[in-house]
**Student:** 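This is the structure, below, for whatever I ask next.
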Amino acid sequence: MIHKERVLKALNHEQADRVPFFYWDVPEFGAKLMEHLGFQNRDQLLEYLDVDFRWVEPDYVGKELVGDDGLTKTDIWGVGYSRVNKGDFSFWEATGFPLEGQTDPAVLDDFNWPTTDLFDFDSLPKKIEKYKDYAVMSAPGYSSPGLFRIIQRLLGRDAFMDVIMYHPRFFNALTQKVSEFYLDFISKFFDKANGGVDFIRIADDFGSQSGLAISNDIWEQYCKPSIEAFVEIPRQNGVKFYMHSCGGVRKLLPEFISLGADVLDPIQTRANGMEPGGLKEDFGRYITFSGALDEELLLRKGTEKQVKDGVKQLLDTMAPGGGFILGPSHKLKVETPVENVVAMYEAAKEWRY
């Protein structure tokens with residue numbers, strides 16, 4: 001069975017030859033895992049792990065984003081990052097928020113907003129053809145439309161909720177600017193995809209460890225309309241909707257389902273209300289779950305045996321009847337032992353319905 005067929009069977013709530021596999025990491029962990037396994041590129045890594053998904057995005061053709069010193073960078077939204085060292089590891093951390101402290105909508109007219117001219121959408125067909133046997137998805141990052149995650153970086157996380165609550169005109173204008181970019185991006189992306197992309201990944205974080213991080217009013221006013229707009233063109237092209245939100249978002253599951261979400265990822269099982277068995281029982285007939293193997297404690301701090309036992313327990317609960325894709329419950333962090341990640345996929349290959 002080819003990878004694409006396996007994934008689509010899961011979405012149809014049918015049992016395939018095995019559970020489909022998803023993979024998600026920070027770049028630093030991917031580099032560490034490839035070095036450990038002796039691979040030169042990401043395709044070799046994903047093939048070794050037998051991951052059923054591949055991700056595509058148009059080539060970025062704008063100016064260089066990383067500084068000459070290699071220690072700073074600025075993304076297309078103007079958000080600044082610095083290279084941070086933590087023990088033996090280093091990673092990018094957002095340190096410059098270009099709209100921090102701003103509340104006047106007029107400021108946004110003069111802001112240097114990104115345009116889709118920064119991307120070469122003609123580069124997509126060749127990439128899509130390369131991965132035609134896999135479940136092809138819009139890549140995490142620029143090709144996964146989001147709203148709040150972009151605005152948080154523009155404003156700074158600490159100011160984000162204050163702006164929503166006390167400066168609604170400014171916040172509404174911000175959402176319009178971000179949405180305009182993504183609606184143009186989506187239109188050009190799927191025009192060039194020509195039916196070869198299976199999933200659009202919509203990525204925003206509406207939950208925290210304790211539950212929802214937004215109110216019903218905010219969901220109705222900002223989040224729901226933006227998602228509806230983002231998925232309109234993909235739906236017209238027969239594309240599946242892969243919803244990403246971290247945290248305890250159980251209360252939003254009926255909303256995601258009503259918006260036509262086919263998959264919810266990454267299922268942070270340690271968050272309030274995200275216990276796998278309960279999700280499967282209450283919503284498993286209506287949506288496919290992806291992820292759910294505890295990244296925070298099990299993969300980062302467990303033994304290989306504990307990881308394999310955890311995989312078996314999770315699959316025993318979530319896999320029967322289809323509707324489940326195995327992956328980590330969050331991005332694999334750079335400090336995660338590579339042996340545990342390999343053990344996760346090995347155990348899943350050995351598991352049987």
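Nothing here was measured: the structure is a model prediction, and the numbers come from that model. Position 1 is the first residue of the sequence, and the numbers go up from there. Side-chain atoms are counted along with the backbone in the values below, which use heavy atoms only and exclude waters and symmetry mates.
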**Student:** Check the pair Ile164 / Ile151 against side chain to side chain contact (heavy atoms under 4.5 Å, CB included), numbers first and verdict last.
**Tutor:** CA-CA 10 Å; Ile164 292 180; Ile151 296 174; over 6 Å; no
**Student:** Below 30° counts as parallel, above 60° as perpendicular, anything between as tilted: where do the rings of His330 and Trp24 land?
**Tutor:**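 Judged by the thresholds at 30° and 60°, the geometry between His330 and Trp24 is tilted.
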**Student:** Under the criterion side chain to side chain contact (heavy atoms under 4.5 Å, CB included), I'd like the reasoning laid out for Ile200 against Phe189: C-alpha separation, chi angles, the key distance, then a yes or no.
**Tutor:** CA-CA 10 Å; Ile200 181 170; Phe189 186 101; over 6 Å; no
**Student:** Under 4.5 Å between any side-chain heavy atoms of Lys192 and Asp122, yes or no?
**Tutor:**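 Answer yes - side chains close enough.
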**Student:** Checking salt bridge (Lys or Arg N to Asp or Glu O under 4.0 Å) against Arg270, which of Glu275, Glu296, Glu295 comes through?
**Tutor:**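 That would be Glu296; it is the only one of Glu275, Glu296, Glu295 passing the salt bridge (Lys or Arg N to Asp or Glu O under 4.0 Å) with Arg270.
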**Student:** Could you report the tightest heavy-atom contact between Ala292 and Thr269, atom names first, then the distance?
**Tutor:**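 Looks like O-CG2, 3.3 Å.
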**Student:** Which heavy-atom pair separates Glu57 from Ser143 by the least distance, and what is that distance?
**Tutor:** CB-OG, 3.0 Å
**Student:** Of the non-hydrogen atoms in Ser290 and Ile267, which two are nearest, and what is the gap between them?
**Tutor:**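 Shortest heavy-atom separation between Ser290 and Ile267 comes out as O-CG1, 3.4 Å.
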**Student:** Is the shortest side-chain heavy-atom distance between Asp262 and Ile287 below 4.5 Å?
**Tutor:** no
**Student:** Using a strict threshold of under 4.0 Å (side-chain N to carboxylate O), is an ion pair present between Glu93 and Lys86?
**Tutor:**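 No, this pair does not count.
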**Student:** Going by heavy atoms in the side chains, are Phe39 and Leu46 under 4.5 Å from each other?
**Tutor:**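 Of all side-chain heavy-atom pairs linking Leu46 with Phe39, none is under 4.5 Å.
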**Student:** Donor-acceptor pair, Asp25 side chain versus Leu332 backbone, under 3.5 Å?
**Tutor:**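 Side chain of Asp25 to backbone of Leu332, a donor-acceptor pair under 3.5 Å: no, none is there.
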**Student:** Check this for me: does any side-chain nitrogen of one of Lys224 and Glu255 sit under 4.0 Å from a carboxylate oxygen of the other?
**Tutor:**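 Between Glu255 and Lys224 there is a salt bridge, with a charged N closer than 4.0 Å to a carboxylate O.
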**Student:** Quick one: do Glu35 and Lys32 make a salt bridge, cutoff under 4.0 Å?
**Tutor:**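 Here Glu35 does not pair with Lys32 in a salt bridge, since their nearest N and O are not under 4.0 Å apart.
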**Student:** For the residue pair Ala94 and Val79, what are the closest heavy atoms and their distance?
**Tutor:**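 Smallest heavy-atom distance, with atoms named: CB-CG1, 4.4 Å.
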**Student:** Indicate yes or no: at least one non-hydrogen side-chain atom of Ile325 is less than 4.5 angstrom from one of Val19.
**Tutor:** no
**Student:** Do side-chain atoms of Asn237 reach the backbone of Ile233 as a donor and acceptor pair under 3.5 angstrom?
**Tutor:**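 Yes: the side chain of Asn237 pairs with the backbone of Ile233.
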**Student:** Taking the side chain as every heavy atom from C-beta outward, state whether Trp92 and Glu28 have any atom pair closer than 4.5 Å.
**Tutor:** yes
**Student:** Between Phe256 and Phe206, how do the two ring planes meet: parallel, tilted or perpendicular, split at 30° and 60°?
**Tutor:**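 The arrangement is tilted - the two ring planes meet at 30° to 60°.
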**Student:** Would you check if the side chain of Ser245 reaches a backbone N or O of Asp204 as a donor-acceptor pair within less than 3.5 Å?
**Tutor:** yes
**Student:** With side chains defined as the heavy atoms from C-beta onward, is the minimum distance between Phe22 and Asp265 less than 4.5 Å?
**Tutor:**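 Touching, per the 4.5 Å side-chain cut-off.
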**Student:** What about Phe53 and Tyr23, are their ring centers closer than 6.0 Å?
**Tutor:**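 Not under 6.0 Å, so no.
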**Student:** Step through it carefully: locate the ring centre of Tyr345, locate the ring centre of Phe21, and say whether they are under 6.0 Å apart.
**Tutor:** yes
**Student:** Does Lys127 pair with Asp59 as a salt bridge, N-O distance under 4.0 Å?
**Tutor:** yes
**Student:** Please work out which of the three classes, parallel, tilted or perpendicular, describes the rings of Tyr182 and Phe230, given edges at 30° and 60°.
**Tutor:** perpendicular
**Student:** If we ignore angles and hydrogens, is there a donor and acceptor under 3.5 Å between the side chains of Asp52 and Tyr134?
**Tutor:**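 Note: Asp52 and Tyr134 side chains miss the donor-acceptor criterion.
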**Student:** If only side-chain N and O atoms count, and only distance matters, is there a donor-acceptor pair under 3.5 Å linking Ser144 with Tyr242?
**Tutor:** no
**Student:** Report yes or no: is the cationic atom of Arg18 (NZ for Lys, CZ for Arg) under 6.0 Å from the centre of the six-membered ring of Trp351, at an angle within 45° of the ring normal?
**Tutor:**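 No.
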**Student:** Say whether, by atom type as modelled, one donor and one acceptor occur between the side chain of Asn172 and the main chain of Pro168 under 3.5 angstrom.
**Tutor:**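 Such a contact is absent between Asn172 side chain and Pro168 backbone.
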**Student:** Salt bridge or not for Asp133 and Lys4, using N-O below 4.0 Å?
**Tutor:**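 The answer is no: the pair does not qualify as a salt bridge.
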**Student:** Are any of the side-chain nitrogens in Lys132 or Asp198 under 4.0 Å away from the carboxylate oxygens of its partner?
**Tutor:** no
**Student:** Any carboxylate oxygen within less than 4.0 angstrom of a Lys/Arg side-chain nitrogen, looking at Arg149 and Asp205?
**Tutor:** no
**Student:** Is the ring centre of Phe160 less than 6.0 Å from the ring centre of Phe148?
**Tutor:** yes
**Student:** Please evaluate residues Phe97 and Leu155 with respect to the criterion side chain to side chain contact (heavy atoms under 4.5 Å, CB included), reporting the C-alpha separation (whole Å), side-chain torsions for both, the decisive distance (0.1 Å), and the verdict.
**Tutor:** CA-CA 6 Å; Phe97 313 105; Leu155 296 173; over 6 Å; no
**Student:** Should Val307 and Leu297 be regarded as members of a common hydrophobic cluster, given that ILVMFWY residues are connected when their side-chain heavy atoms come within less than 4.5 Å of each other, either directly or indirectly?
**Tutor:** no
**Student:** Kindly assign one of parallel, tilted or perpendicular to the pair Phe119 and Phe181, based on the angle between their ring planes and the thresholds 30° and 60°.
**Tutor:** tilted
**Student:** Output yes when Asp294 and Arg300 qualify as a salt bridge under the 4.0 Å nitrogen-oxygen rule, no when they do not.
**Tutor:** no
**Student:** Verify whether one side chain among Ser82 and Thr72 offers a donor that lies under 3.5 Å from an acceptor in the other.
**Tutor:** no
**Student:** Distance alone, cut at 3.5 Å: any donor-acceptor contact between the side chains of Tyr353 and Asp17?
**Tutor:**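 No donor-acceptor contact under 3.5 Å links the two side chains.
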